[in-house]
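Worksheet: one structure, shown below.
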Protein chains: 2
Amino acid sequence: MDDLDRQILSILRRDARTPYTEIADRVGTSEGTVRNRVDRLTEEGIIERFTVTTQTGNVKAMIEVSVDMNVNTSAVSERLADWEEVDFVWQVSGEDDIVLVVDCVDTQAVNGLITRARELNEVKGTTTRLILDERLG
Amino acid sequence: MDDLDRQILSILRRDARTPYTEIADRVGTSEGTVRNRVDRLTEEGIIERFTVTTQTGNVKAMIEVSVDMNVNTSAVSERLADWEEVDFVWQVSGEDDIVLVVDCVDTQAVNGLITRARELNEVKGTTTRLILDERLG
DNA sequence: TATGAAAGACTAACTAA
DNA sequence: TTAGTTAGTCTTTCATA
């Protein structure tokens, strides 16, 4: 991870469709170098995924899920990540154990997810915050 | 936004580099239709951005920032979004007003961000949670 | 929806450090 | 041995009908 990698990543974060040739021009190297480095960054897992950020619905929310002690948090996370409408599942330090970031068509759909989460045996409770505005870094 | 749109988005979310021809095959339509729809979704703002998710450092964290009443939260958010290492800035409902999602090389760098946030006049306080594990939906 | 032209990405052979 | 370059080829995208 050197400065060239960081420059490439910063361009890809803004627009992952930027052609290698254009990235190469902007950072002052060749197309092949950019490609090799993107490949390497992907293999190393520094680039996790090429994706799209969406606003499919009108409501995004953070759902904080607290789980019982002695529960396999990773297993629960994995199941939650499979749910439609879930963008991220984070295991976090602090009071609650899991944070879901979701993107739903409406508040009712958010509510559906919360209900589903609460129905899991491992889940003690949830706290939800609506994301009123999002800015990408 | 119909079911075909949703299928296309779900493929792009997993891998935004999937060729239109392959998407077309998988959803049972033509390349041109996929292209037109992706264009439309992008114009409508449903696709916000083609991007990469990264793990540039070892530490991701959620920094919850509470701001003073009577503060222009949007203006603060905008400034925070410009900081290096910041992936998302959310204005949220609930107790704290802004949530930063950051990706840093180490805990010290996280700490640097927290310090910087606390130095802003508008900021009353912060709470930080380390993201110990992330799964993409 | 089909087709050809243009743009972009990939392969592989080569060079330099 | 590793990183970078380049030319040629193949794939994808895009515009047009």
Side-chain angles (χ1 to χ4, degrees), chain A residues 1-57 81 84-85 87-88 103 134 136-137, chain B residues 1-60 84-85 87-88 103-106 108-109 134-137:
Chain A
M1 261 298 268
D2 59 10
D3 204 57
L4 187 55
D5 284 340
R6 271 183 284 272
Q7 285 182 69
I8 293 169
L9 283 179
S10 128
I11 291 171
L12 289 176
R13 249 202 294 275
R14 311 274 155 186
D15 180 5
R17 289 182 143 186
T18 314
Y20 289 159
T21 46
E22 185 187 328
I23 298 174
D25 279 352
R26 283 165 61 184
V27 304
T29 186
S30 69
E31 179 270 341
T33 299
V34 174
R35 186 157 33 79
N36 291 336
R37 280 175 179 248
V38 172
D39 288 351
R40 202 200 67 235
L41 290 166
T42 306
E43 270 162 30
E44 286 174 353
I46 291 170
I47 294 176
E48 292 167 328
R49 188 183 285 191
F50 284 78
T51 187
V52 289
T53 57
T54 55
Q55 187 80 45
T56 61
E84 273 298 321
E85 305 163 309
D87 283 352
F88 300 104
D103 177 5
E134 172 175 80
L136 306 177
Chain B
M1 260 300 267
D2 58 11
D3 203 57
L4 187 55
D5 284 340
R6 271 183 284 275
Q7 286 182 67
I8 293 169
L9 284 180
S10 126
I11 291 170
L12 289 176
R13 268 160 35 91
R14 311 273 155 185
D15 180 5
R17 290 182 142 186
T18 315
Y20 289 158
T21 46
E22 185 187 328
I23 298 174
D25 279 352
R26 283 165 59 183
V27 304
T29 186
S30 69
E31 180 269 338
T33 301
V34 174
R35 182 156 38 80
N36 292 335
R37 281 178 179 244
V38 171
D39 288 351
R40 202 199 68 236
L41 290 166
T42 305
E43 271 162 29
E44 285 174 351
I46 291 170
I47 293 178
E48 292 168 328
R49 190 184 283 190
F50 284 78
T51 188
V52 289
T53 57
T54 56
Q55 185 82 46
T56 62
N58 304 310
V59 194
K60 287 196 182 189
E84 272 297 322
E85 305 164 310
D87 283 352
F88 300 104
D103 177 4
C104 293
V105 288
D106 53 28
Q108 212 171 352
E134 173 176 77
R135 272 159 224 273
L136 307 177

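Lettering of chains follows the sequences in order, A, B, ..., and the numbering in each one begins at 1.
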Separation of dA12(C) P from D39(A) CG (nearest whole Å): 14 Å
With a 4.5 Å heavy-atom cut-off, do R40(B) and I46(B) have their side chains touching? no
Of the nucleotides dC14(D), dT6(D), dG4(D), which one has an atom closest to the side chain of L4(A)? dG4(D)
Using OP1 and OP2 only, check whether a side-chain N or O of S30(A) sits under 4.0 Å from dG4(D). no
Could you check which of dT13(D), dT5(D), dA9(C) has an atom nearest any side-chain atom of N36(A)? dT5(D)
Nearest listed nucleotide, side chain of E31(B), among dT12(D), dC14(D), dT6(D): dC14(D)
Integer-rounded Å distance: dG8(C) P and D15(A) CG: 12 Å
Walking DNA chain D from its 5' end, the first of T18(B) and G28(A) to be reached, judged by nearest nucleotide, is G28(A)
Mind calculating the distance between OH (Y20(A)) and P (dT11(D)) to the nearest angstrom? 17 Å
Roughly, in whole Å, what's the span from CD1 in I23(B) to P in dC14(D)? 12 Å
Just how far, in rounded Å, is P of dT1(C) from CG of D25(B)? 12 Å
Side-chain N,O (T29(A)) to OP1/OP2 (dT5(D)) below 4.0 Å: yes
Within the 4.0 Å heavy-atom criterion, would you say G32(A) contacts the bases, only the backbone, or no part of the nucleic acid? base
Taking all non-hydrogen atoms of both residues, which atom of R13(A) and which atom of T51(B) are closest, and how far apart? O-OG1, 2.8 Å
May I ask you to check whether R6(A) and T56(B) show a side-chain donor-acceptor distance below 3.5 Å? no
Which whole-number value in Å describes the distance from D2(A) CG to dT2(D) P? 17 Å
E85(B) vs V59(B) side-chain heavy atoms within contact, under 4.5 Å: no
Rounded to the nearest angstrom, tell me the gap between atom CD in E22(B) and atom C1' in dT12(D). 12 Å
Measure from the side-chain heavy atoms of R35(A) and tell me the nearest of dG4(D), dT13(D), dA9(C). dA9(C)
Would you say E48(A) and E134(B) make side-chain contact, with heavy atoms under 4.5 Å? yes
F50(B) atom CZ is separated from dT12(D) atom C1', nearest whole Å, by 14 Å
